Amino acid sequence: MVNRQLLSIVMVAIALRPPAYADGASDAFKHGAQAERKADYDAAFTYYKQAYALSPIKAKYFAAYTRMRSNAAQRHGHAGQLLRNTGALTEALAEFQRAVEIDGSNFLAQQEVRRTADMIRRQERQRSMPKAEPPAKASEDIAASVELQPLPTTAITLHMTVNADAAYKTICKLAGLNVVIDPDYRPQKITLDLTDVTMREALDMVRLESKTFWRPVLANTIFVAADSPAKRKEIEQNVMRTFYLRNITTPTELQEAGNVVRQVLDISRVQLLQAQDALILRGTPDQMILAEKLLGDLDKPKSEVIIDVAVMQVSRNRLRTLGMNVPTSVSIGVLPSISGGSGGSGGSVGFPVGNFMLSVGGGSFTALATDSNTKLLQNPQIRTLNNEKATLRIGDRVPIATGSFAGTVGGTGVSPLVSTQFQYLDVGVNIDITPHIHSDREVTLKLGLEISSVTGSESIGGITQPIIGQRRIEHETRLVDGEVNLLGGILEDAETQSMSGYPWISKLPLLKYLFAQDNREHRENEIIFAITPHIVRAQEITEENLRQIEVGTGNSIELRRKPAPPAALAPAHPADAAKPQQPAPQAPPAGLPARGSSSSSTPTQASPSSKPAGPG
């Protein structure tokens with residue numbers, strides 16, 4: 001029997017004991033609060049995360065976890081920026097990576113990781129390779145050739161006065177190329193006086209002086225024609241490509257991208273696909289390469305910012321009532337007395353006046369002191385895109401009558417129904433913010449902040465209308481990321497004092513509390529707005545976006561290419577053909593062919609000058 005009782009007690013204790021995970025979540029939350037007070041935000045984030053994982057249904061744990069996740073990630077991001085400014089790129093990358101581990105939605109930290117990693121790679125390339133590696137993207141790799149074989153970079157010297165077709169043939173013979181002249185072209189005599197130039201530079205000089213252009217038709221053959229719009233349209237190669245834009249949000253933005261391509265690159269054949277946020281372009285290979293770079297520079301995610309809005313309202317009301325509420329009125333009445341007598345039919349009844357009645361109002365003594373404090377704190381967070389208006393409404397919608405009309409029946413003027421029109425006003429905390437994010441980590445905020453409440457009511461035209469009290473600030477300011485701006489404290493201080501009692505006696509120092517009542521009231525009300533912007537996604541501008549590229553002349557788009565590496569060059573003289581040659585580099589992806597009419601202003605390989613034979 002005793003064993004059964006013990007077993008029952010143990011089972012009841014186990015049933016009433018709270019779950020172990022609940023205790024663990026509470027302990028983790030307490031440790032997180034202690035770590036936050038010590039400014040150890042990494043430890044606080046770890047503890048809050050543990051508490052939320054153990055008890056995800058409690059809003060208190062979730063709010064603390066998300067708040068500390070954002071704060072810890074921002075602090076690691078700020079530390080990484082400071083380290084990167086000092087040149088410690090490896091340590092800065094570790095801080096940015098830690099910020100991404102804490103808050104995977106922090107796009108700014110992700111951008112900083114990519115940017116810092118690129119800086120580290122560039123440093124490593126500069127230390128290990130004296131010459132820059134060819135870029136990987138076609139928009140960057142404008143030095144490689146798709147169709148025309150790489151030309152030698154051997155420096156040559158030319159002094160001749162010949163027809164333009166003969167100059168082309170002389171230079172191409174040295175480069176191992178074939179030349180096809182347009183039958184419609186009538187060559188004219190030109191004079192070349194070139195010293196220590198590459199063969200591609202020599203071809204460009206001939207092209208400029210003879211007012212011709214050439215394009216590769218085979219890997220070792222070029223076609224030469226007169227430079228005119230009609231011939232370019234007839235002979236120049238055209239390619240087509242579809243560009244998918246990832247960050248377009250409205251049809252207007254897609255239309256703007258198409259207009260930029262038309263006006264800057266002179267591409268007339270542009271088709272917009274709004275359903276897929278895509279552009280279909282047709283033009284020369286050089287135009288496609290430039291379009292890729294231009295659209296890549298423009299198609300970037302919009303900047304985003306989180307705005308912390310702290311609305312603090314402190315109210316204090318002190319009331320003191322001391323003294324006697326004395327009677328202030330006296331009423332006097334007459335109490336009639338009745339006396340009768342019998343005198344036959346001629347007798348009479350009289351009512352003589354009796355006693356007087358004096359009525360005096362009651363009095364009371366009051367000693368009351370009231371001191372009340374009210375503190376209101378609202379701290380909403382608003383996340384919005386660059387130049388997009390964000391609106392926050394916290395409170396009630398109060399109906400306001402704006403008009404009414406009455407109907408009639410049969411024209412008799414009877415109004416069985418009156419219809420009233422209402423408009424709803426937002427009463428509470430109303431916030432309108434439009435941010436503009438600058439490239440230097442600053443934010444311009446156009447603000448409209450309002451705190452309103454129903455302070456009373458008033459009857460207008462038989463309809464009870466609410467009286468709205470409001471405090472509103474319209475403000476525009478420019479802040480640095482993380483800077484706190486106090487928009488101003490709206491302070492209301494009112495003091496009221498009143499005395500009610502008998503005249504003259506209420507002025508006496510001590511007797512006034514016996515024959516009068518003193519009322520004093522002091523009201524204080526203060527409102528403070530604190531605005532703090534936090535940039536979560538900044539405008540990402542790289543060195544490639546700022547790169548300047550030569551695009552040709554006002555009449556035609558032509559890119560200038562870098563010379564090929566020396567190992568991939570063809571022999572400059574037939575006698576060198578017997579020497580072993582290095583394999584040529586692979587061509588870039590198809591669809592973005594290089595132009596053969598470009599050149600580089602600096603040779604990449606020094607060699608003795610040679611003066612080829614030819615008509616002079």
Side-chain angles (χ1 to χ4, degrees), residues 21 24-25 28-29 31-33 35-36 39-85 88-121 244-249 277 296 299-309 379-386 388 390 392 435 437 439 441 443 480-482 532-542:
Y21 66 84
F29 183 80
H31 285 91
E36 184 177 1
D40 189 358
Y41 298 103
D42 282 354
F45 166 73
T46 303
Y47 284 122
Y48 286 151
K49 182 179 180 180
Q50 181 181 357
Y52 171 68
L54 293 175
S55 182
I57 60 175
K58 284 195 174 183
K60 178 174 66 174
Y61 298 162
F62 174 73
Y65 162 64
T66 53
R67 174 176 54 82
M68 190 51 57
R69 179 182 63 181
S70 178
N71 291 342
Q74 289 177 5
R75 290 182 178 274
H76 280 286
H78 182 64
Q81 291 172 358
L82 295 178
L83 290 171
R84 187 176 59 193
N85 293 337
L89 298 182
T90 304
E91 293 79 0
L93 180 61
E95 291 290 340
F96 292 136
Q97 290 175 342
R98 176 58 180 162
V100 174
E101 291 175 2
I102 293 175
D103 187 2
S105 63
N106 193 323
F107 298 102
L108 181 62
Q110 296 176 10
Q111 292 176 356
E112 299 294 353
V113 167
R114 293 192 295 268
R115 180 182 175 186
T116 308
D118 291 339
M119 295 174 66
I120 293 176
R121 283 194 293 267
Y244 294 92
L245 307 182
R246 298 178 299 174
N247 300 293
I248 296 297
T249 57
D277 294 337
D299 186 28
K300 291 183 176 295
K302 286 187 176 181
S303 304
E304 293 184 66
V305 62
I306 290 179
I307 303 171
D308 287 330
V309 182
N379 188 17
Q381 282 189 341
I382 303 175
R383 179 167 180 168
T384 180
L385 294 173
N386 186 32
E388 296 292 338
L392 179 64
I437 304 174
S439 58
R441 302 188 62 81
V443 183
V480 181
D481 181 21
T532 307
H534 300 286
I535 299 176
V536 296
R537 189 201 299 266
Q539 186 179 14
E540 188 176 8
I541 300 177
T542 62

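Worth saying up front: this structure is predicted, and the values here are computed from it rather than measured. Residue indices begin at 1 and follow the sequence shown.
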Separation of [Y] [atom2] from [X] [atom1] (nearest 0.5 Å):
| X | Y | atom1 | atom2 | value |
| --- | --- | --- | --- | --- |
| E304 | L108 | CD | CG | 11.0 Å |
| Q381 | T532 | CD | OG1 | 10.0 Å |
| E112 | H76 | CD | NE2 | 15.0 Å |
| M119 | L89 | CE | CG | 5.0 Å |
| M68 | R75 | CE | CZ | 8.0 Å |
| I535 | I306 | CD1 | CD1 | 11.5 Å |

Heavy-atom closest contact ([X] atom, [Y] atom, distance):
| X | Y | result |
| --- | --- | --- |
| S439 | Q539 | CB-OE1, 4.1 Å |
| I248 | L245 | CG1-CB, 3.5 Å |
| V309 | I382 | CG2-CD1, 4.5 Å |
| A538 | S303 | C-OG, 3.7 Å |
| A25 | A51 | O-CB, 3.4 Å |
| L93 | A117 | CD1-N, 4.3 Å |

Self-check item: Intermediate values then yes/no, side-chain contact (heavy atoms from CB on, under 4.5 Å), V100 and V113
Solution: CA-CA 8 Å; V100 174; V113 167; 4.0 Å; yes
For this session: Under the side-chain contact (heavy atoms from CB on, under 4.5 Å) rule, what do F96 and R84 come out as? Steps first, then yes or no, please.
Result: CA-CA 10 Å; F96 292 136; R84 187 176 59 193; 3.9 Å; yes
Check your understanding: Is there a donor-acceptor pair closer than 3.5 Å between any side-chain N or O of D481 and the backbone N or O of R441?
Key ->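 No, the answer is negative, given that no donor and acceptor are paired below the 3.5 Å cut-off.
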Hits for side chain to side chain donor-acceptor pair (under 3.5 Å) against N247, two or more places apart or cross-chain, chain-then-number order -> D299
Those residues at least two apart in sequence (or on a different chain) that pass salt bridge (Lys or Arg N to Asp or Glu O under 4.0 Å) with R98 are E101
*Please name all residues satisfying salt bridge (Lys or Arg N to Asp or Glu O under 4.0 Å) with D118, sequence neighbours left out, ordered by chain then number.*
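Partners of D118 by the salt bridge (Lys or Arg N to Asp or Glu O under 4.0 Å) criterion, ordered by chain and then number, come out as R121.
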message: According to ring-ring contact (aromatic ring centres under 6.0 Å, His included), who are the partners of F29, at least two apart in sequence or on a separate chain?
response: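 Checked F29 against ring-ring contact (aromatic ring centres under 6.0 Å, His included); matches are Y48, Y61.
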Sorted by chain and residue number, the ring-ring contact (aromatic ring centres under 6.0 Å, His included) partners of H534 (sequence neighbours excluded) come out as none
For residues 63-72, the side-chain hydrogen bond (donor to acceptor under 3.5 Å, both in side chains) pairs (sequence neighbours left out) are E36-R67, S70-Q74
Derivation of the side-chain contact (heavy atoms from CB on, under 4.5 Å) call for K302 and T249
CA-CA 10 Å; K302 286 187 176 181; T249 57; 3.7 Å; yes
For this session: Could you check H31 against Q50 for side-chain contact (heavy atoms from CB on, under 4.5 Å), going step by step and ending with a plain yes or no?
Result: CA-CA 10 Å; H31 285 91; Q50 181 181 357; over 6 Å; no
